[in-house]
Number of protein chains: 2
Amino acid sequence: MSLQPHMEDFVQYFSGINLSIDSANFDKFGLKAKLKHYQKGELLITQGQPAPKVFFLVKGFVRYLNVSVEGKEFTQSFSCAPSISGSTRAMTRNVDALFSIEALDDVICLEFDWQMFFEKMQFQPGFMQAYNRLLENMFIKKEEREYAFVQDSAEQRYLTFLDTNPQLRDKIPLKMIASHIGITPIALSRIRKKLQ
Amino acid sequence: MSLQPHMEDFVQYFSGINLSIDSANFDKFGLKAKLKHYQKGELLITQGQPAPKVFFLVKGFVRYLNVSVEGKEFTQSFSCAPSISGSTRAMTRNVDALFSIEALDDVICLEFDWQMFFEKMQFQPGFMQAYNRLLENMFIKKEEREYAFVQDSAEQRYLTFLDTNPQLRDKIPLKMIASHIGITPIALSRIRKKLQ
DNA sequence: GAGCAACATTAACCTAGGTTTATTGTTTGC
DNA sequence: GCAAACAATAAACCTAGGTTAATGTTGCTC
């Protein structure tokens with residue numbers, strides 16, 4: 001009785017958030033996932049379309065990308081394996097996604113159907129509690145980001161980004177950093193020149 | 001066997017989020033709260049101090065207020081009864097609060113100890129699920145706010161505020177609206193003049 | 001190696017919103 | 001009724017960052 005490939009990683013990740021699950025018990029849930037591969041540039045979910053899936057990134061990294069009506073790109077966030085990805089809004093409220101999730105790399109992930117994921121969770125308090133933790137962390141991150149946008153200069157946000165995302169700083173184009181901290185690539189260029 | 005004053009309101013509020021609790025069952029949890037009154041201007045929790053409490057606002061409304069190192073006020077959000085209030089970060093991570101919660105009115109609320117609240121939740125899936133919903137909604141709101149800060153002009157944020165908070169627009173000073181949408185009162189004044 | 005397509009930088013200019021300082025309401029308390 | 005404290009507006013000025021457009025730069029692919 002063994003878990004499907006990479007599911008072990010998922011259980012471990014969730015265990016790290018809340019220690020009340022182990023693989024043996026987990027197997028009993030019958031939670032199934034599709035193993036998926038995405039190549040650099042491909043989309044896991046697409047802005048404007050339903051996205052009733054939760055992803056567990058086994059390898060690679062992605063960004064959450066919103067394109068405004070004027071055609072401007074905004075990188076809401078990055079997510080690096082191992083991590084959970086998906087649009088909370090789209091899956092829990094059953095509406096279209098407000099952003100796309102783009103592979104920035106070759107990505108290996110598990111894809112869960114949210115409906116099933118949610119139902120299984122109902123019957124396993126430890127599982128639900130881990131999801132709780134996840135939501136708390138996500139909320140707290142957005143709150144920190146709110147502070148950053150209101151209180152910090154673009155320069156400070158850039159420095160904070162470099163500081164908190166050392167694993168990304170040399171792997172992604174600068175324009176993605178710019179669109180993540182809410183400025184144009186030109187403004188970022190100016191800031192970088194000044195900092196030299 | 002009856003609930004303590006206003007607890008019924010709390011149960012109803014939580015039921016509205018997720019229908020799996022009713023007062024009769026709820027009473028069995030033994031979840032206790034202190035009934036508190038705050039006068040306009042008083043603080044429910046204080047920035048820089050521990051805040052291991054969850055509040056249920058029975059009457060009145062509050063704002064979440066952060067003061068930066070340079071002394072600038074930022075109103076993170078408003079909350080009107082009936083609603084749950086508190087610092088998710090401070091209570092779940094057991095750290096000092098990054099903002100104060102200020103009564104903008106005479107406030108009546110129930111005050112729960114987070115530790116107890118959390119423990120009771122563990123044994124009542126329906127309760128935890130309601131908390132889950134709450135977190136999801138909080139997260140989604142912050143996400144919407146993130147979009148607003150990055151994509152909308154101050155003028156647009158002001159109009160959106162008026163639109164989505166009709167119950168507040170005439171009850172709070174303009175400077176609070178300004179500090180909520182991330183501009184100075186002077187800038188808001190300019191915008192209002194232009195809109196006349 | 002030529003040609004093309006992203007990416008990054010630079011310079012010139014523009015604008016939204018910050019800052020400072022005053023002026024005018026408007027509550028609040030004595 | 002008056003002073004004190006706060007809230008809102010106004011004018012003058014300043015600056016961070018947007019916009020446009022030109023110029024490099026780094027790969028690709030053929």
Side-chain angles (χ1 to χ4, degrees), chain A residues 39-43 63 65-75 78 100 102-106 145-162 168-196, chain B residues 39-42 63 65-75 78 102-106 145-162 168-196:
Chain A
Q39 294 195 305
K40 188 172 176 169
E42 287 185 314
L43 302 182
R63 67 164 174 158
L65 166 69
N66 169 273
V67 181
S68 74
V69 282
E70 298 96 36
K72 283 180 200 161
E73 289 198 1
F74 169 53
T75 299
F78 298 98
S100 300
E102 180 193 17
L104 295 179
D105 208 2
D106 289 353
R145 214 161 139 66
E146 183 184 17
Y147 282 115
F149 275 121
V150 174
Q151 298 181 338
D152 296 348
S153 65
E155 180 178 329
Q156 186 54 56
R157 295 200 298 278
Y158 175 57
L159 293 172
T160 304
F161 176 84
L162 293 183
L168 283 174
R169 59 180 294 174
D170 298 319
K171 285 190 194 141
I172 58 173
L174 289 170
K175 65 169 198 161
M176 285 186 194
I177 300 182
S179 84
H180 181 56
I181 61 180
I183 59 176
T184 58
I186 292 123
L188 179 56
S189 199
R190 270 193 298 244
I191 287 168
R192 284 163 51 80
K193 188 181 183 183
K194 198 184 129 204
L195 289 174
Q196 270 168 22
Chain B
Q39 293 193 308
K40 188 172 177 171
E42 286 185 314
R63 67 164 173 157
L65 166 68
N66 170 273
V67 181
S68 75
V69 282
E70 300 96 35
K72 283 180 200 162
E73 290 198 358
F74 169 53
T75 299
F78 297 97
E102 180 193 18
L104 295 179
D105 206 3
D106 288 354
R145 213 160 140 67
E146 182 184 16
Y147 281 115
F149 274 121
V150 175
Q151 297 182 340
D152 296 349
S153 64
E155 180 178 328
Q156 186 53 57
R157 295 201 298 278
Y158 174 58
L159 293 171
T160 305
F161 176 85
L162 293 182
L168 284 175
R169 58 179 295 174
D170 298 320
K171 285 190 196 142
I172 57 173
L174 290 170
K175 64 170 200 161
M176 286 187 193
I177 299 181
S179 85
H180 181 57
I181 62 179
I183 60 175
T184 59
I186 293 127
L188 179 55
S189 198
R190 270 193 298 243
I191 288 168
R192 283 163 51 80
K193 188 181 182 184
K194 197 184 129 204
L195 289 174
Q196 271 167 22

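Order of the sequence lines sets the chain letters (A, B, ...), proteins ahead of strands, with each chain counted from 1.
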Which pairs, protein N/O on one side and nucleotides 22-27 of chain C N/O on the other, fall under 3.5 Å?
none

If every non-hydrogen atom of [X] is compared with every non-hydrogen atom of [Y], which pair is closest and at what distance?
X      : Y      : value
A/I191 : A/E155 : CD1-N, 3.8 Å
B/K40  : B/D106 : N-OD1, 3.3 Å
B/F74  : B/H180 : CE1-O, 4.0 Å
B/P185 : B/K175 : CG-CB, 4.0 Å
A/I177 : A/I172 : CG1-CD1, 3.7 Å
A/F149 : A/I181 : CE2-O, 3.4 Å

With rounding to the nearest 0.5 angstrom, report the [atom1] to [atom2] distance, [X] to [Y].
X      : Y      : atom1 : atom2 : result
B/D105 : B/K171 : CG    : NZ    : 7.5 Å
A/Y147 : A/T160 : OH    : OG1   : 15.0 Å
A/S153 : A/I183 : OG    : CD1   : 9.5 Å

Checking A/S100 side chain against A/E102 main chain: does a donor-acceptor pair fall under 3.5 Å? no
Taking B/E73's backbone N and O only, do any of them form a donor-acceptor pair with B/N66's side chain (distance below 3.5 Å, no angle check)? no
What pairs with A/T75 under side-chain hydrogen bond (donor to acceptor under 3.5 Å, both in side chains), at least two apart in sequence or on another chain? A/R63, A/S179
Whether each nucleotide of nucleotides 10-26 of chain D has a protein heavy atom under 4.0 Å at its base (B), only at its sugar-phosphate (S) or at neither (-) is summarised, 5' to 3', as BSB----BBBB------
Whole-Å distance between C/dG18 P and A/F149 CZ? 16 Å
Euclidean distance, atom NZ of residue A/K194 to atom P of C/dA11 [Å, nearest integer]: 16 Å
Let me test you: for the helix from C/dG1-D/dC30 to C/dC30-D/dG1, what is the angle between the axes at its two ends (five pairs each), rounded to 10 degrees? 40°
Taking side-chain hydrogen bond (donor to acceptor under 3.5 Å, both in side chains) as the cut-off, I'd like each qualifying pair that reaches into residues 181-193 of chain B, sequence neighbours left out, listed once.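 Found B/Y158-B/R192.
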So which protein N/O to nucleotides 4-7 of chain D N/O distances come out below 3.5 Å?
from, atom 1, to, atom 2, distance (Å)
D/dA7, OP2, B/K175, NZ, 2.9

